[in-house]
Asker: 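For reference, the structure I am asking about is given below.
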Amino acid sequence: MVFCGRVNPITGSLDWIEEDENYDYHQEISRSSYADMLHDNDRNTKYYQGIRAAVKRVKERGEEAIVLDIGTGTGLLSMMAVTAGADYCYAIEVFKPMADAAVQIVKANGFGDKIRVINKHSTEVSVGADGDMRQRANILITELFDTELIGEGALPSYEHAQHNLMQEHWEAVPHRATVYAQVVESHRLWSWNKLFSMHLDCGTIKPPPEMQSCPGAPSVCDVQLSQLSPGDFTPLSGIHVVFRVDFSKQVSSTPVSHIVSFRSLANGTAQVILSWWDIDMDPEATINCSMKPAWLYPPLHPVPWRDHWMQCVYFLPEEIKVTQGEDFSLVAHQDDYCLWYNLTKPSAADSPAESPACHCGSHIIWNRPRFGELNDQNRMEKYQEALKKVLRPGSVCLCVSDGSLLPIMAHFIGASQVFTLESSSMAHQLMDKWSSQKWR
């Protein structure tokens with residue numbers, strides 16, 4: 001059973017559709033991030049430099065360089081390894097159409113005798129005379145990272161491979177990863193998470209109380225922070241290291257919390273955590289690939305553009321007033337697939353915190369851009385002007401939508417009756433919450 005992502009034209013959200021065995025999955029490959037990764041020159045150059053250095057270290061110890069490449073994709077990193085002098089490479093790819101493509105690419109480039117493509121999940125790979133791998137590897141190469149670093153299951157994959165597929169001592173490319181975070185106040189970013197009051201000529205429409213108190217969606221919001229002007233946010237903390245993962249040592253996917261203590265830089269309202277990561281390809285950290293936004297680079301320094309790795313925006317469960325010079329603890333909670341943050345006083349930093357979950361329904365039916373649209377006062381004013389031109393005393397309105405606020409606006413402006421046709425039960429429940437509250 002394979003599911004493919006499809007953008008819902010009404011909500012803009014990503015729906016997962018099951019496709020049958022005759023579906024041409026090459027379409028999915030061509031529309032995926034593979035091309036963006038393959039054309040990321042900075043990424044590719046740093047990976048090759050790191051792989052070449054790892055092979056050299058192994059050879060200097062008098063050992064054969066046996067590489068394990070998890071999530072090989074097109075086989076690019078495996079071919080880099082053989083080019084750098086690796087003796088043999090096991091390239092693992094679970095997605096069959098991609099594994100089939102990798103076999104052809106490896107063969108076409110003359111590496112068929114040095115690279116074996118294994119179409120399995122890494123946790124299913126066996127080692128032994130009759131296994132998928134004849135021997136354990138001593139160089140581990142992976143590119144299992146997403147914008148959040150761990151969202152593609154990197155930690156459990158590393159944990160299993162290091163236990164079951166690697167020799168007692170191994171080299172890793174990347175060697176380590178570091179996650180950074182900064183606490184900020186940002187009206188623009190917060191508007192992607194919470195619905196604000198809507199100001200009309202005839203009054204103000206406030207969201208239902210349940211929406212105002214909802215902690216929001218647990219998922220990270222990945223954005224190009226380079227396109228965010230420094231004037232769109234106020235830093236309330238410095239940029240801090242949240243945690244590091246050393247891939248040359250045993251990795252654990254056990255949930256853990258990381259506490260970062262800081263003193264507030266300014267008065268304001270803590271709303272958002274900006275975050276990104278970088279990876280060191282070698283132990284000495286001389287080969288570094290960074291996801292930091294453009295405004296952290298020196299003037300005139302070339303900035304790599306990536307759409308497959310961006311930066312993270314995390315929304316705090318609630319806004320917190322801070323005073324310049326006040327001490328706080330930023331707590332990053334990490335499980336095997338995601339991160340979420342809390343901001344507390346130092347005395348409460350050790351308190352357990354569950355991942356935030358939407359209880360109002362709006363974060364389930366509206367994605368982040370949709371929140372931004374609904375909070376765009378200029379946009380809503382244009383809709384107000386258009387409705388006022390067509391509404392008359394006694395008007396009966398029908399709105400065909402999926403969680404639109406136009407029915408609420410039409411009622412508020414003065415329509416006699418408003419009917420809204422909702423395509424999902426969640427949208428229907430959300431509109432019930434709006435219609436049940438007092439308006440004036």
Side-chain angles (χ1 to χ4, degrees), residues 37-38 40-93 102 105-106 109-111 113-118 122 125 127 132-145 149-150 152 154-179 244-252 277-291 304 309:
M37 289 188 291
L38 293 172
D40 185 342
N41 183 65
D42 180 70
R43 164 194 177 270
N44 296 340
T45 299
K46 302 292 176 58
Y47 258 99
Y48 180 66
Q49 291 172 346
I51 291 169
R52 186 173 57 187
V55 171
K56 181 181 179 182
R57 291 194 298 273
V58 169
K59 293 284 190 177
E60 287 175 346
R61 296 197 294 264
E63 302 174 15
E64 281 191 323
I66 308 300
V67 174
L68 173 63
D69 175 12
I70 300 179
T72 194
T74 61
L76 176 63
L77 300 185
S78 291
M79 291 186 287
M80 286 183 181
V82 174
T83 301
D87 295 283
Y88 202 79
C89 184
Y90 296 99
I92 301 175
E93 176 56 51
I105 294 168
V106 166
N109 284 275
F111 296 106
D113 61 333
K114 290 290 189 78
I115 298 174
R116 181 180 182 185
V117 178
I118 303 170
S122 61
V125 171
V127 181
D132 302 302
M133 297 171 59
R134 294 290 181 90
Q135 64 201 108
R136 289 177 177 244
N138 54 11
I139 299 178
L140 177 57
I141 300 172
T142 60
E143 207 280 55
L144 298 172
F145 313 122
L149 183 70
I150 64 173
E152 292 184 2
L155 296 182
S157 294
Y158 268 107
E159 185 176 36
H160 176 272
Q162 291 167 343
H163 271 302
N164 299 282
L165 306 177
M166 304 302 297
Q167 298 176 19
E168 183 178 358
H169 301 289
W170 67 85
E171 302 287 341
V173 183
H175 182 81
R176 76 175 64 83
T178 305
V179 174
R244 287 190 170 95
V245 182
D246 188 335
F247 299 118
S248 69
K249 298 178 181 179
Q250 183 60 55
V251 169
S252 173
W277 50 267
D278 63 23
I279 44 180
D280 294 319
M281 298 296 184
D282 63 328
E284 297 77 23
T286 60
I287 309 168
N288 179 267
C289 187
S290 177
M291 306 309 122
W309 292 332

Asker: Taking all atoms of both residues into account, what is the closest heavy-atom pair of Tyr90 and Asp132, and its distance?
Answerer: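 Minimum heavy-atom separation between Tyr90 and Asp132: CE2-O, 3.7 Å.
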
Asker: Quick check for you: to the nearest 0.5 Å, what is the distance between Ser78 atom OG and Ile70 atom CD1?
Answerer: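 Interatomic distance, Ser78 OG to Ile70 CD1, rounded to 0.5 Å: 11.0 Å.
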
Asker: Please find the pair of heavy atoms, one from Ile51 and one from Ala81, that lie closest to each other, and give the distance.
Answerer: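 Minimum heavy-atom separation between Ile51 and Ala81: CG2-CA, 3.5 Å.
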
Asker: Salt-bridged, Lys59 to Glu64, with N to O below 4.0 Å?
Answerer: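 No, no charged N to carboxylate O under 4.0 Å.
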
Asker: From Asn44 CG over to Gln49 CD, what is the distance, rounded to the nearest 0.5 angstrom?
Answerer: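 One gets 11.0 Å once the value is rounded to the nearest 0.5 Å.
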
Asker: Do the side-chain N and O atoms of Asn138 and Glu63 include a donor-acceptor pair separated by under 3.5 angstrom?
Answerer: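 Glu63 and Asn138 do have a side-chain donor-acceptor pair below 3.5 Å.
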
Asker: Using modelled atom types and a 3.5 Å cut-off, is there a donor and acceptor pairing between side-chain atoms of Tyr47 and backbone atoms of Pro174?
Answerer: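 The answer is no, because no donor-acceptor pair under 3.5 Å joins these two groups.
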
Asker: Applying side chain to side chain contact (heavy atoms under 4.5 Å, CB included) to Thr74 and Leu38, what does each step give before you reach the verdict?
Answerer: CA-CA 9 Å; Thr74 61; Leu38 293 172; 3.5 Å; yes

Asker: Determine the interplanar angle of the Trp309 and Trp277 rings, folded into 0 to 90°, and report it as parallel if under 30°, tilted if 30 to 60°, perpendicular if over 60°.
Answerer: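 Rings of Trp309 and Trp277: perpendicular, over 60°.
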
Asker: Check Ile118 against Met133 and note the closest heavy-atom contact, atom names and distance.
Answerer: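 Shortest heavy-atom contact: CD1-CG, 4.2 Å.
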
Asker: Would you name the heavy atoms of Ala102 and Gly73 that are closest together and state the gap between them?
Answerer: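 The answer is CB-O, 3.3 Å.
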
Asker: Got a second to check how far Thr178's OG1 is from Met291's CE, nearest 0.5 Å?
Answerer: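 If we round to the nearest 0.5 Å, Thr178:OG1 and Met291:CE are 11.5 Å apart.
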
Asker: To the nearest 0.5 Å, what is the distance between CD1 (Ile279) and CZ (Arg244)?
Answerer: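 The CD1 atom of Ile279 sits 14.0 Å away from the CZ atom of Arg244.
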
Asker: Could you tell me whether the side chain of Asp42 and the main chain of Cys289 form a donor-acceptor pair under 3.5 Å?
Answerer: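 Checked: no pair found.
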
Asker: Look up atom OG1 in Thr83 and atom CG in Leu77, then write down how far apart they are to the nearest 0.5 Å.
Answerer: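 One gets 11.0 Å once the value is rounded to the nearest 0.5 Å.
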
Asker: Evaluate the criterion side chain to side chain contact (heavy atoms under 4.5 Å, CB included) for residue pair Ile150 and Phe145; output intermediate values, then yes/no.
Answerer: CA-CA 6 Å; Ile150 64 173; Phe145 313 122; over 6 Å; no

Asker: If only atom types and distance count, is the side chain of Glu159 paired as donor or acceptor with the main-chain N or O of Gln250 below 3.5 Å?
Answerer: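 Side chain of Glu159 to backbone of Gln250, a donor-acceptor pair under 3.5 Å: no, none is there.
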
Asker: If you compare all heavy atoms of Ala54 against all heavy atoms of Val173, which two are closest, and at what distance to 0.1 Å?
Answerer: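 Of all heavy-atom pairs spanning Ala54 and Val173, the closest is CB-CG2, 3.7 Å.
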
Asker: Please check this pair: side chain of Asp87 against backbone of Ala65, looking for a donor-acceptor N/O pair closer than 3.5 Å.
Answerer: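 A pair under 3.5 Å: yes.
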
Asker: Contact between Asn164 and Val127 at the side-chain level, heavy atoms closer than 4.5 Å - yes or no?
Answerer: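 They are not in side-chain contact.
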
Asker: Do Glu171 and Arg61 meet the salt-bridge criterion of a basic N to acidic O distance under 4.0 Å?
Answerer: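 Yes.
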
Asker: Less than 4.0 angstrom from a charged side-chain N to a carboxylate O is my criterion; do Asp246 and Arg176 meet it?
Answerer: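 No, this pair does not count.
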
Asker: Less than 4.5 Å apart, side chain to side chain, heavy atoms only: is that true for Lys114 and Val82?
Answerer: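 SC-SC contact between Lys114 and Val82 confirmed.
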
Asker: Please report the closest heavy-atom contact between Ile105 and Asn109, naming both atoms and the distance.
Answerer: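 That closest heavy-atom pairing would be O-ND2, 2.8 Å.
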
Asker: Could you give the distance from CD1 (Ile115) to OH (Tyr88), rounded to the nearest 0.5 Å?
Answerer: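 Answer rounded to 0.5 Å: 9.0 Å.
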
Asker: Verify whether one side chain among Ser290 and Asn288 offers a donor that lies under 3.5 Å from an acceptor in the other.
Answerer: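 There is no such pair (donor and acceptor under 3.5 Å, judged by atom type) between the side chains of Ser290 and Asn288.
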
Asker: With distance as the sole test, does Glu143 use its side chain to make a donor-acceptor pair with the main-chain N or O of Gly71 at under 3.5 Å?
Answerer: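 No: the side chain of Glu143 does not pair with the backbone of Gly71.
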
Asker: Could you tell me whether the side chain of Arg136 and the main chain of Gln167 form a donor-acceptor pair under 3.5 Å?
Answerer: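 Checking the backbone N and O of Gln167 against the side chain of Arg136, no donor-acceptor pair under 3.5 Å is found.
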
